[in-house]
There are 2 protein chains.
Amino acid sequence: MARDTKVFKDVTNRLLSHLQGLTPGAELGSEATLAAALGASRTTVRSALSHMAQAGIIDWSGRDKRLARQPRRDDFFSLDETRPTAERIEEAFLHWILQGDVAPGTTLNEAELSRRYDVPAAAVREFLIRFEPFGLIEKRPNRHWVLKGFTRSFAQEMFDVREMYESHALDRLLALPAESPIRQALREIDAEHRALLKAEDAAMLSFPALDARFHRLLLSAACNRFIDNFGQTISIIVHYHYRWNKKDETLRNRKAAEEHLRILAALENGTAAEARDALAAHLATARDTLMRSVPWAGA
Amino acid sequence: MARDTKVFKDVTNRLLSHLQGLTPGAELGSEATLAAALGASRTTVRSALSHMAQAGIIDWSGRDKRLARQPRRDDFFSLDETRPTAERIEEAFLHWILQGDVAPGTTLNEAELSRRYDVPAAAVREFLIRFEPFGLIEKRPNRHWVLKGFTRSFAQEMFDVREMYESHALDRLLALPAESPIRQALREIDAEHRALLKAEDAAMLSFPALDARFHRLLLSAACNRFIDNFGQTISIIVHYHYRWNKKDETLRNRKAAEEHLRILAALENGTAAEARDALAAHLATARDTLMRSVPWAGA
DNA sequence: CTGTGGTTTTTTATTGATAAAAGACCAAAC
DNA sequence: GTTTGGTCTTTTATCAATAAAAAACCACAG
């Protein structure tokens, strides 16, 4: 077999949902236009079109492309088939690692991971290479990968960098005018926090996603690709950590949301010192929460 | 063809140079001992041994392994054959990029790089993946890699992080006792700086290596894998930059060496504030030097 | 001469085959 | 009974073949 037809399926799906908005007989526009709109090559769009013509969804001959009938639900490919491979590995792998039942020192076999997650071996390899500088895994040349585990020292070092970056970003943020896009976005996030805190406890489950957005937005004020990059990886780790550690979840999230609000309030009305103080307090809580859930043992 | 026999050649070379210290008739020791000493598998050591037996360098039958004659120069494999692939790509690629005649926006073809540097395509791919988070290149999914170039904003962002990390490391260093290994190592580096400054101008060519060691040692005080990792990459970039930018080289190096000495003196005898000040001054000069050589134009 | 679609070429992603290197196993030697 | 070396198995690195996707090319309609 050669490469997967993922892009073709994804393009077909997106083309179909576009067609749902049209009435039968409507013109579809030129191939080049469709390709540009879908962000794919004309070759792939043509494959999708001929697939849809065969299925009787469109009439197609030369320049004349018309909707023949409304797309049905079973015309679509399943979402699972179009999900990016990288995303699937990342999710499966991080879930496995942060689940906690994988001991540090475990050797990772590329072929086995590839089989287990049903993804190409090259994609597994690529993921592991990308993940290595992050420090959780290590490659022994000519040998296998070794899991170094989520140790206390790892968590500590991660937080040291996080504190450095977020403090730096906050200082940059304080220097920005109140009308800047980032500060406007922060005001919107402030409103979302208030709405979440007013809602029922169950709604608190959506806090991790909000938390990730808040911190990424904060870091984006640094306008630094290295910091953005780190923030992305950290948000993955923290996100999966939240998913895993269910203890006192609602209470913990509520407290974190309130700490976010204190930072946001200080940014809006308070002094720079108060904002720095609020951020430091929040990061200290976050560090404490994370460290509590990391086992003392481990290499 | 399958994989290269690089490890075999390297093991053979190292075994040969070990044999040069022995007199003919001497026993070589067990296969397992040799394998452990050379950091390779017994399988590979056995291949090397049978190669050397065939060449008449040793007499080998069962447990009895003796040196038959002194290894000659032409018994060795050429150094070029044993150099790690990763190192070769890194050197060739970074040299090409930092040479400056490659315009940002240039597309990189994996197969072409593989041919040009005579390294396996997979190794090129691996190198590019590792290098991507560093921000110089970018992958368009299902398409090629794109060079983003060594732009002013890139250099600026790199230095922002560098300043953050080195300041943090310095604070950690100031808290260490005078007898700590890092401070001892710094005293040795201090002496090397003084020796270099006393020597002729030509000796200043070895400064870049000393500079890299100084900064890496400083960063190592942070005891943080993320910081160490960044330091490694930066030292590569700065190293290649030095190699490229020959203007006022000696003068520039001399100045930097003196700035290093000021930091080291402050660490030894001065106040914390003086040390911080000296570091800030040095980083400002370094930033200025780098920025001067980065063209204003570019994406 | 510009936009469009049919066609061909190039490049990338993926797989399976193959040899190097590592690692496991086991019997003989000390 | 521990060490050592011969042999076999597993895993990794590499290449070649193949199909998807992209990109280039070209002819023709308007």
Side-chain angles (χ1 to χ4, degrees), chain A residues 1-11 27-36 38-51 60-65 84-86 107-115 118-126 128 139-145, chain B residues 1-11 27-36 38-51 60-65 84-86 107-115 118-126 128 139-145:
Chain A
M1 244 177 292
R3 58 201 305 210
D4 194 56
T5 131
K6 200 189 309 293
V7 178
F8 160 76
K9 287 174 181 166
D10 185 46
V11 163
E27 255 294 344
L28 299 193
S30 82
E31 293 175 6
T33 316
L34 290 170
L38 293 162
S41 72
R42 201 156 67 79
T43 311
T44 310
V45 170
R46 277 172 67 80
S47 306
L49 286 174
S50 61
H51 168 80
W60 183 25
S61 86
R63 313 203 157 193
D64 198 46
K65 296 182 286 293
T85 318
T107 65
L108 306 173
N109 184 314
E110 283 180 18
E112 202 220 308
L113 290 174
S114 155
R115 246 175 290 122
D118 190 31
V119 287
V124 171
R125 189 184 183 70
E126 183 174 326
L128 293 174
K139 169 98 180 134
R140 305 278 164 84
N142 287 319
R143 290 182 189 82
H144 37 60
W145 292 87
Chain B
M1 246 180 290
R3 60 199 306 210
D4 193 54
T5 130
K6 198 188 308 297
V7 178
F8 161 75
K9 287 174 182 166
D10 186 46
V11 163
E27 254 295 343
L28 299 192
S30 81
E31 293 178 4
T33 314
L34 290 171
L38 292 162
S41 72
R42 201 157 66 81
T43 310
T44 310
V45 170
R46 277 172 67 80
S47 307
L49 285 173
S50 61
H51 168 80
W60 183 25
S61 86
R63 309 202 160 193
D64 197 47
K65 298 183 285 288
T85 318
T107 65
L108 307 173
N109 184 316
E110 283 181 18
E112 202 221 308
L113 290 174
S114 154
R115 245 176 291 121
D118 189 32
V119 287
V124 171
R125 190 184 182 69
E126 185 174 326
L128 293 174
K139 169 100 179 128
R140 304 279 164 83
N142 289 317
R143 289 182 192 82
H144 37 61
W145 293 86

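Side chains included, hydrogens not; waters and symmetry mates left out as well; all remaining heavy atoms used. Each chain gets a letter, A, B and so on, in the order its sequence line appears, and its residues count up from 1.
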From [X] [atom1] over to [Y] [atom2], what is the distance, rounded to the nearest 0.5 angstrom?
X       : Y       : atom1 : atom2 : answer
N142(A) : R3(B)   : CG    : CZ    : 4.5 Å
L128(A) : H144(A) : CG    : NE2   : 13.5 Å
W60(B)  : R46(B)  : CH2   : CZ    : 4.5 Å

Would you classify [X] as touching base, sugar-phosphate or nothing, given that sugar-phosphate means primed atoms plus P, OP1 and OP2, and contacts are heavy atoms under 4.0 Å?
X       : value
W145(A) : nothing
T44(B)  : sugar-phosphate
K139(A) : sugar-phosphate

Can you tell me how far [atom2] of [N] sits from [atom1] of [X], to the nearest Å?
X       : N       : atom1 : atom2 : answer
W60(B)  : dG5(D)  : CH2   : P     : 8 Å
D64(A)  : dG6(C)  : CG    : C1'   : 16 Å
E110(B) : dT14(C) : CD    : P     : 12 Å
R46(A)  : dT8(C)  : CZ    : P     : 12 Å
K6(A)   : dA19(D) : NZ    : P     : 19 Å
R3(A)   : dG16(C) : CZ    : C1'   : 18 Å
H144(A) : dA20(C) : NE2   : P     : 21 Å
L28(B)  : dG5(D)  : CG    : C1'   : 14 Å

Discussion item. Judged by each residue's nearest nucleotide on DNA chain C, which is more toward the 5′ side, K9(B) or N109(B)?
Written reply: N109(B)

Worksheet item: Is any side-chain N or O of K65(A) closer than 4.0 Å to OP1 or OP2 of dG5(C)?
Response: yes

Practice prompt. For dA13(C), take OP1 and OP2 only and decide whether either is under 4.0 Å from a side-chain N or O of R125(B).
Written response: yes

Worksheet item: What closest approach, in Å, do L34(A) and G29(A) show between heavy atoms, and which atom pair accounts for it?
Response: CD1-O, 4.2 Å

Item to complete: List the atom of P120(A), the atom of S114(A), and the distance in Å for their closest heavy-atom pair.
Response: C-OG, 4.0 Å

Give the nucleotide from the list [options] with an atom nearest to the side chain of [X].
X      : options                   : result
R63(B) : dA20(C), dT4(D), dT12(C)  : dT4(D)
E31(B) : dT12(C), dC15(D), dG6(D)  : dG6(D)
T43(B) : dT12(D), dA22(C), dT14(D) : dA22(C)
T5(A)  : dA21(D), dA22(C), dT11(D) : dA21(D)

Worksheet item: Would you call E126(A)-R125(B) a salt bridge at under 4.0 Å N-O?
Response: yes

Fill in: Contact nearer the 5' end of DNA chain D, comparing N142(B) with R143(A)
R143(A)

Item to complete: Please figure out whether G29(B) or G39(A) has its closest DNA chain D nucleotide nearer the 5' end.
Response: G29(B)

Fill in: hbond_proxy S30(A) side chain to dG5(C) base (donor-acceptor, 3.5 Å cutoff)
no

Worksheet entry | Side-chain donor/acceptor of R42(B) to base of dG6(D), under 3.5 Å | yes

